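This report concerns only the one structure given below.
All of these numbers come straight from a predicted model, not from anything done at the bench.
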Amino acid sequence: MKNLSFRGLRVLLAAVLLGPAAACVNDLDRSPAYDLNTESVYRDPANYVQVLAKLYAGLNLSGQTTTGSPDVSGADEGASSYLRAYWKVQQLPTDEAAVAWNDGSIQDLNKLTWTSANDYVRLMYNRVYYEVALCNEFIRETSDDKLSRRGITGQDAVNARLYRAEARFLRALAYYHALDLFGNVPFVTEADAPSKNLPRQIARAELFGYLESELQAIENALAAPRQRGYARADQGAAWMLLAKLYLNAEVYTGTARYTDCLTYCNKLLGAGYRLVPEYRLLFLADNHATAASEIIFPIACDGLRAQGYGGTTYLVHAAVGGRMLSSGFGVNSGWAGNRSRKNLPLLFPAANGSLDRRAMFFTAGQNLETNDLIAFTDGYAVTKYRNLTSTGARGADPTGTFVDTDFPLFRLADVYLMYAEAVLRGGSGGNAATALGYVNELRQRAYGNATGTIRAADLTLDFVLAERARELYWEAHRRTDLVRFGRFTSGSYLWPWKGNVRAGQGVALTLNLYPIPSTDLVANPTLRQNPGY
């Protein structure tokens, strides 16, 4: 969030926004509690951007301070970060990653054996609804009617309406994650006045329709792509979320929407984004400067002004262990947590990156096979994220604890691969030759020359799934991709410890969705659990 006021987050929001609070559904339709009067905060238009900063920071930070004031209680504070929780549920159950820790029920993510009582599933769910609640409050308080009643006019009103559109995007992003991860979920918007009424449960297909209409409604209210500033939601971010929504529409609604996916991919392809020359630049401490042309929407991190143990602070530290030197990653310690399962390095011609430079693995003292999930050295380590700049300097935090590297949630390479997949699945508005060209652009960057280019006959759906892993691994896409391709639960594609068997085995189809946490089923008896739990 290098373009939003972190100082505002720490000064104003520490005083006026939510302190420790669980985000269970019986809190979903309540306004955040303020120590200051809500009206006094929103009467001053200078406060609006600072409150908006909290909505963005909610994707990275765990609370108002580094520790001791969590937004979501009932868990290790660092683990409660939105991005950290999201990364875990998207990556740890897949062929790309495994964690060596044994905290709580985290090993159930490794083995696809979770239940509705899993604390990491609950953390993700609570984070989604905490973000929704904050966004609803901001959207409600920045309506045209309230701006008028408060006498906010002119440029202040113009700014407030833009901030409101950004908040609607952030709420849509959170609801998209709820749609993808949990299916039929509780649903509340700013139109639901704060009350003691229990939120209703919306069907997955209905939520899809809401997100489609909401993103289309704010499209023209957002700034044009790359005009508002780095790390701010703009039209490009909304187009990307729509493209991803349509790419997975058959999973969410039963009806394919690949032509619509191509419509929004084409908008993005014409918006001036471009690939950075080197893949590694996307995952370094100065990626906000060196990789901004490719990153469509990041979760911004700042080792000085936004300190916490989630986000990329987690991704860098937790991937360092064994014989690895933490100094080579710009941090002061390794947490010996996350590493790869064998399927991921075997997708590359060589694990050392000598051919495909996207292969970023540390192999010395590491085993390819994962015989023991608790042993960090079982599985190649992944060196993708570093707290070092493109020139080799360490990130800004002098202690080496907190990381500057932004997380590229949406980037152009993903658009290229979505375009290719949508064409292969029969969508109109694209063609096979263009799709092949986009894929080969990625491979030419990866190989440094034309060695890695493929022919038209090579571009199949299976190839696209493998190429998505090679290009996007550890970027929180893999579970969604495997579900869309019918590989997540199937016995036809296995990885170590899938289904709690070392060689892997198929699991119940119902695991394509996470359960509604048991805590919310108790809090809201009107909710119905997902099948199989």
Side-chain angles (χ1 to χ4, degrees), residues 2 96 226 230-231 236 240 268-269 271-301 303 311-312 315-316 319-320 324-325 327-331 340 344-345 347-363 380-396 403-420 436-454 466-477:
K2 279 133 175 121
E96 289 187 353
R226 308 178 69 235
Y230 179 79
M240 187 74 174
L268 288 159
L269 292 166
Y273 302 104
R274 64 184 187 279
L275 298 183
V276 298
E278 296 180 68
Y279 183 77
R280 70 181 185 95
L281 298 176
L282 289 156
F283 313 103
L284 298 177
D286 57 350
N287 59 353
H288 65 282
T290 62
S293 66
E294 182 170 339
I295 297 175
I296 295 169
F297 183 71
I299 295 178
C301 304
T312 51
L315 289 179
V316 176
V320 176
M324 304 165 76
L325 296 177
S327 59
F329 296 84
V331 291
S340 72
L344 178 58
L347 287 172
F348 294 93
N352 62 5
S354 58
L355 293 173
D356 188 332
R357 297 171 183 173
R358 299 171 297 185
M360 296 179 174
F361 301 100
F362 184 93
T363 61
Y380 288 171
V382 172
T383 62
K384 185 168 181 172
Y385 296 98
R386 296 175 187 258
N387 187 37
L388 297 172
T389 69
S390 53
T391 60
R394 193 164 77 173
V403 170
D404 283 345
T405 309
D406 297 337
F407 184 81
L409 187 68
F410 296 155
R411 61 184 179 93
L412 181 62
D414 192 5
V415 181
Y416 283 7
L417 292 167
M418 288 195 295
Y419 181 101
L436 180 65
Y438 286 140
V439 171
N440 276 333
E441 277 191 53
L442 298 179
R443 294 182 64 80
Q444 286 167 6
R445 175 174 69 176
Y447 282 77
N449 51 45
T451 303
T453 57
I454 61 170
E467 191 67 11
R468 287 188 66 82
R470 286 185 284 263
E471 179 68 30
L472 301 170
Y473 68 94
W474 282 37
E475 295 180 50
H477 299 288

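- In this structure, the side chains of Glu475 and Arg468 stay at 4.5 Å or more apart for every pair of heavy atoms.
- Inter-residue side-chain proximity for Cys301 and Thr405 is flagged as unmet; no heavy-atom pair is nearer than 4.5 Å.
- Proximity of a side-chain donor or acceptor of Ser340 to a complementary backbone N or O of Tyr380 within less than 3.5 Å is detected.
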Side chain to side chain contact (heavy atoms under 4.5 Å, CB included) evaluation trace for Leu412 with Leu268: CA-CA 8 Å; Leu412 181 62; Leu268 288 159; 5.6 Å; no
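- Classification of the Tyr438-Tyr419 ring pair by plane angle, with boundaries at 30° and 60°, yields perpendicular.
- Of the possible donor and acceptor atoms, one in the side chain of Arg470 sits under 3.5 Å from a partner among the backbone N and O of Leu347.
- Residues Pro345 and Ala351 share a closest heavy-atom pair of CB-CB, 4.5 Å.
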Thr363 vs Asn352, side chain to side chain contact (heavy atoms under 4.5 Å, CB included): CA-CA, chis, key distance, verdict: CA-CA 8 Å; Thr363 61; Asn352 62 5; over 6 Å; no
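- Taking each heavy atom of Tyr447 and Pro349 in turn, the nearest pair found is OH-CG, 3.5 Å.
- Put simply, CZ on Arg357 and CZ on Arg445 are 11.0 Å apart, with the number rounded to the nearest 0.5 Å.
- For Arg386 (side chain) and Gly328 (main-chain N/O), a donor-acceptor pair under 3.5 Å exists by modelled atom type.
- Atoms OH and NZ, from Tyr279 and Lys384 in turn, are 3.0 Å apart once rounded to the nearest 0.5 Å.
- Between Leu355 and Thr451 the shortest side-chain heavy-atom distance does not fall below 4.5 Å.
- Across all their heavy atoms, Ala381 and Met324 have their closest contact at CB-SD, 3.4 Å.
- When side chains are defined from C-beta on, Val439 counts as touching Leu417, because their heavy atoms get closer than 4.5 Å.
- For the pair Arg394 and Asn387, the minimum side-chain heavy-atom distance is below 4.5 Å.
- Rounded to the nearest 0.5 angstrom, Trp474 CH2 and Thr383 OG1 are separated by 9.5 Å.
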Evaluation steps, side chain to side chain contact (heavy atoms under 4.5 Å, CB included), between Thr312 and Asp406: CA-CA 7 Å; Thr312 51; Asp406 297 337; over 6 Å; no
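- Here the closest heavy-atom approach between residue Gln444 and residue Ala450 is recorded as CG-CA, 4.2 Å.
- To the nearest 0.5 Å, atom OG1 of residue Thr290 and atom CD of residue Glu278 are 9.0 Å apart.
- The aromatic rings of Phe283 and Tyr385 stand perpendicular to each other, their planes meeting at an angle above 60°, with 30° marking the opposite boundary.
- Across every non-hydrogen atom of Ala446 and Asp356, the tightest pair is CB-OD1, 3.2 Å.
- Met240 is listed as a side-chain neighbour of Met418, based on a closest heavy-atom distance under 4.5 Å.
- Closest of all the heavy-atom pairs between Ala469 and Leu344 is O-CD1, 4.1 Å.
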Steps toward side chain to side chain contact (heavy atoms under 4.5 Å, CB included) verdict (Val382, Phe361): CA-CA 5 Å; Val382 172; Phe361 301 100; 4.0 Å; yes
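- In this structure, the side chains of Asn287 and Leu281 stay at 4.5 Å or more apart for every pair of heavy atoms.
- Residues Glu96 and His477 form no side-chain contact, since every pair of their non-hydrogen atoms from C-beta on lies 4.5 Å or further apart.
- With respect to the salt-bridge test (charged N to carboxylate O, under 4.0 angstrom), the residues Glu471 and Arg411 qualify.
- Annotation: the span from Tyr473 atom OH to Met360 atom CE amounts to 5.5 Å, rounded to 0.5 Å.
- Here Asp404 contributes atom CG and Thr389 contributes atom OG1; the two are 9.5 Å apart, rounded to the nearest 0.5 Å.
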